[in-house]
Amino acid sequence: MFKRKVGSQKADSSRFGSKKVTSKNGDTSKHSSNHSSKYSSDYSSKQFDERIYCDYSRLVRLQAQVDGFSFLPQRKAGSALSGRHHSSFRGRGLNFEELRHYQQGDDIRNLDWKVTMRTGKPHVRSYTEEKDRSVILCVDQRSSMFFSSVNMMKSVVAAEIAALTAWRVLKDSDRVGFVISRHDSIEYSMPKRSQANVLSNLNQLAQANQALDVSRQDSPDVGMTALVRLLGRLKCRNNTIIFLSDWSGVTSDDILHLKYLQKHNDVLGVLIADPLESAFVAMQSADIASDPSTFTPWVVGDGDYQFNLANRQQMEKARQGLEQHHQLKKQQLLQLMAVQRLPMIELDTQGQHLEQFKRAVGGR
């Protein structure tokens, strides 16, 4: 809604050197293994304002900030299968494999006392650990994310949180995949436990971010509905799926499909919002309080249409509409997160999103 107003002041793409770069075949998995040197040289000649566009090298450097939080689960301290640290998310589980006779060296904590008493011979329960846990990062880079009134674009916040999470998952020796919603397409990369794969996806993410500008119009095929349907076709099970978005265009049907997805996965919704989107008259209110006769008209638009807020009544009506819309999105996410008792995370554009995210997922 405010894209033209903010973009005209901060985000002229020619000024910041934005250039859309597309892969030859669009396949995010087909890249050479020498990613660091290749992509660093590609981006070394470009200079970006990191508040407006994310830089590939910045996404790579976030690898150094992964300490202090984790998605791995912890079993209770008194358990024979105690884990590493607490988390609300599913992780690698233990599957029962067989019940067998006790052998020298077996852990006595795995003794099955009921079977032992019934047979008169010691029996132990053996388990196998699940090989992998996969995390799928759904990163919104549509045109609605190219907005900020404070410090950083919502699209930059989403990209940096995605990079931070990817490096954390990789450090935990788990698989990480990406679903990147661009303004013109949705790109899916299968979860892999590979640094080269993460670097390749971060490169794709940086390109999608830098392709945004105030003139971009979203394709009708890149909405939340299309993203949710894609995840449904993938038949995800026992994954952690993290949505990084402003949830623009989400419908009640989308939430219902995500609740179904939640039955077999952990779905974490992260709402990225700018303060101006929920209460854009805060600055006006202070002026009016000091001088009731003061009022500055506003002109807002979306690149195609615009309208005037010429008096206080129109301003108040617009404020109420924005506030109701923002609260509706929060309520939808709260209901979705309540299915698995996961936190509903809200991040802003004031530049503290990395710390906010770490605290929200149980950072230490």
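When a residue number appears, it is its place in the shown sequence, counting from 1.
The line from CG of Leu170 to CD of Gln195 is 6.5 Å long, rounded to the nearest 0.5 Å. Leu261 CG to Lys235 NZ: the interatomic distance, rounded to the nearest 0.5 Å, is 11.5 Å. Atom CG of residue Leu271 and atom NZ of residue Lys154 lie 8.5 Å apart, to the nearest 0.5 angstrom. Between the NE2 atom of His257 and the CD atom of Gln262 there is a distance of 15.0 Å, given to the nearest 0.5 Å. To the nearest 0.5 angstrom, Arg359 atom CZ is 11.5 Å from Ile345 atom CD1. Rounding to the nearest 0.5 Å places CG of Asp140 at 9.5 Å from CD1 of Ile186.
A salt bridge links Arg61 with Glu50: at least one charged nitrogen is closer than 4.0 Å to a carboxylate oxygen. In summary, Glu355 and Lys358 do not engage in a salt bridge, as defined by a charged side-chain N under 4.0 Å from a carboxylate O.
Between Leu199 and Val60 there is a side-chain heavy-atom pair separated by less than 4.5 Å. Using a 4.5 Å heavy-atom threshold, the side chains of Arg319 and Met315 count as separate. In this structure the side chain of Thr225 never reaches within 4.5 angstrom of the side chain of Val250, judged on heavy atoms. Here the side chains of Pro191 and Val176 are not in contact, with every heavy-atom distance at 4.5 Å or above. Within the 4.5 Å cutoff, the side chain of Leu205 has heavy atoms near those of the Gln141 side chain.
Between the side chains of Thr251 and Asp253, no donor-acceptor pair of N or O atoms lies under 3.5 Å. Side-chain contact, Asn201 with Ser189: a donor N or O sits under 3.5 Å from an acceptor N or O. Looking only at atom types and distance, the side chain of Asp172 has a donor-acceptor partner in the side chain of Ser70 under 3.5 Å away. Looking at Gln350 and Asn151, their side chains never bring a donor and an acceptor atom within 3.5 Å of each other. Glu316 and Gln320 are linked by a side-chain donor-acceptor pair at a separation below 3.5 angstrom, with hydrogens and angles left out of the test.
For His264 against Cys236, the heavy-atom pair with the smallest separation is CB-O, 4.3 Å. The shortest non-hydrogen separation linking Met224 to Phe243 is CE-CD2, 4.3 Å. When all heavy atoms of Val135 and Val169 are compared, the pair lying nearest together is CG2-CG2, 3.7 Å. A pairwise comparison of heavy atoms in His353 and Asp348 identifies CB-O, 4.2 Å as the closest pair. In terms of heavy atoms, Ala166 sits closest to Val198 at CB-CG1, 4.2 Å. Listed here is the closest heavy atom pair of Ala208 and Ile180: CB-CG2, 4.0 Å.
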Practice prompt. Evaluate side-chain contact (heavy atoms from CB on, under 4.5 Å) for Ile161 paired with Leu347, printing each intermediate quantity in order.
Written response: CA-CA 10 Å; Ile161 295 298; Leu347 305 178; 3.8 Å; yes

Worksheet item: Could you go step by step and tell me if Arg168 and Phe69 meet the side-chain contact (heavy atoms from CB on, under 4.5 Å) rule?
Response: CA-CA 8 Å; Arg168 177 69 254 183; Phe69 78 107; 3.7 Å; yes

Worksheet item: Is there a side-chain hydrogen bond (donor to acceptor under 3.5 Å, both in side chains) between Asp274 and Ser149 once you walk through the steps?
Response: CA-CA 7 Å; Asp274 185 87; Ser149 66; 2.5 Å; yes

Practice prompt. Check step by step if side-chain hydrogen bond (donor to acceptor under 3.5 Å, both in side chains) holds for Asn197 and Ser200.
Written response: CA-CA 5 Å; Asn197 183 63; Ser200 172; 5.5 Å; no

Item to complete: For the pair Gln332 and Asp254, evaluate side-chain hydrogen bond (donor to acceptor under 3.5 Å, both in side chains) and give the outcome as yes or no after the intermediate values.
Response: CA-CA 10 Å; Gln332 289 174 326; Asp254 296 334; over 6 Å; no

Item to complete: Assess whether side-chain contact (heavy atoms from CB on, under 4.5 Å) is satisfied between Leu231 and Cys138, documenting all intermediate values.
Response: CA-CA 10 Å; Leu231 293 172; Cys138 301; 4.1 Å; yes

Worksheet entry | Residue pair Arg182, Asp218: steps toward the salt bridge (Lys or Arg N to Asp or Glu O under 4.0 Å) verdict | CA-CA 8 Å; Arg182 304 170 62 108; Asp218 288 339; over 6 Å; no

Discussion item. Apply side-chain hydrogen bond (donor to acceptor under 3.5 Å, both in side chains) to residues Asp246 and Ser248 and explain how you reach the verdict.
Written reply: CA-CA 5 Å; Asp246 61 358; Ser248 174; 4.7 Å; no

Fill in: Derivation and outcome, side-chain contact (heavy atoms from CB on, under 4.5 Å), residues Val270 and Ile242
CA-CA 7 Å; Val270 180; Ile242 302 177; 4.2 Å; yes

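Following chains of ILVMFWY side-chain contacts shorter than 4.5 Å, one cannot reach Trp247 starting from Leu328, and the two form parts of different hydrophobic clusters. At a threshold of 4.5 Å between side-chain heavy atoms, the hydrophobic network of Ile, Leu, Val, Met, Phe, Trp and Tyr places Leu244 and Leu230 in one connected group. One hydrophobic cluster holds both Leu268 and Leu334 under the rule that ILVMFWY side chains link at heavy-atom gaps under 4.5 Å. Note: the hydrophobic cluster containing Val228 does not contain Leu256 (ILVMFWY, side chain heavy atoms under 4.5 Å, direct or indirect links).
Side-chain atoms of Trp298 never come within 3.5 Å of backbone atoms of Phe307 as a donor-acceptor pair (strictly under, hydrogens ignored). Side chain of Tyr53 to backbone of Leu212: a donor-acceptor contact under 3.5 angstrom is found. No donor-acceptor pair closer than 3.5 Å links the side chain of Asp107 to the backbone N or O of Asn110. Judged by distance alone, with hydrogens and angles left aside, the side-chain atoms of Glu346 form no donor-acceptor pair with the main-chain N or O of Ala273 at under 3.5 Å. Looking at Trp167, its side chain does come within 3.5 Å of a backbone N or O of Leu59 through a donor-acceptor pair. Side-chain atoms of Arg125 never come within 3.5 Å of backbone atoms of Leu111 as a donor-acceptor pair (strictly under, hydrogens ignored). Put simply, the side chain of Gln314 gets close to the backbone of Ala310: a donor and an acceptor are under 3.5 Å apart. A distance-only check finds no donor-acceptor pair linking the side chain of Asn265 to the backbone of Val267 [under 3.5 Å].
Listed by chain and number, the residues in a side-chain contact (heavy atoms from CB on, under 4.5 Å) with Lys121 are His101, Thr119, His123 (sequence neighbours excluded). A search for side-chain contact (heavy atoms from CB on, under 4.5 Å) contacts involving Arg100 returns Glu98, Gln103, Asp106, Val124, Ser126, not counting sequence neighbours.
The neighbour count for His326 NE2, taken as heavy atoms of other residues, nucleotides or ligands under 6.0 Å away, is above 12.
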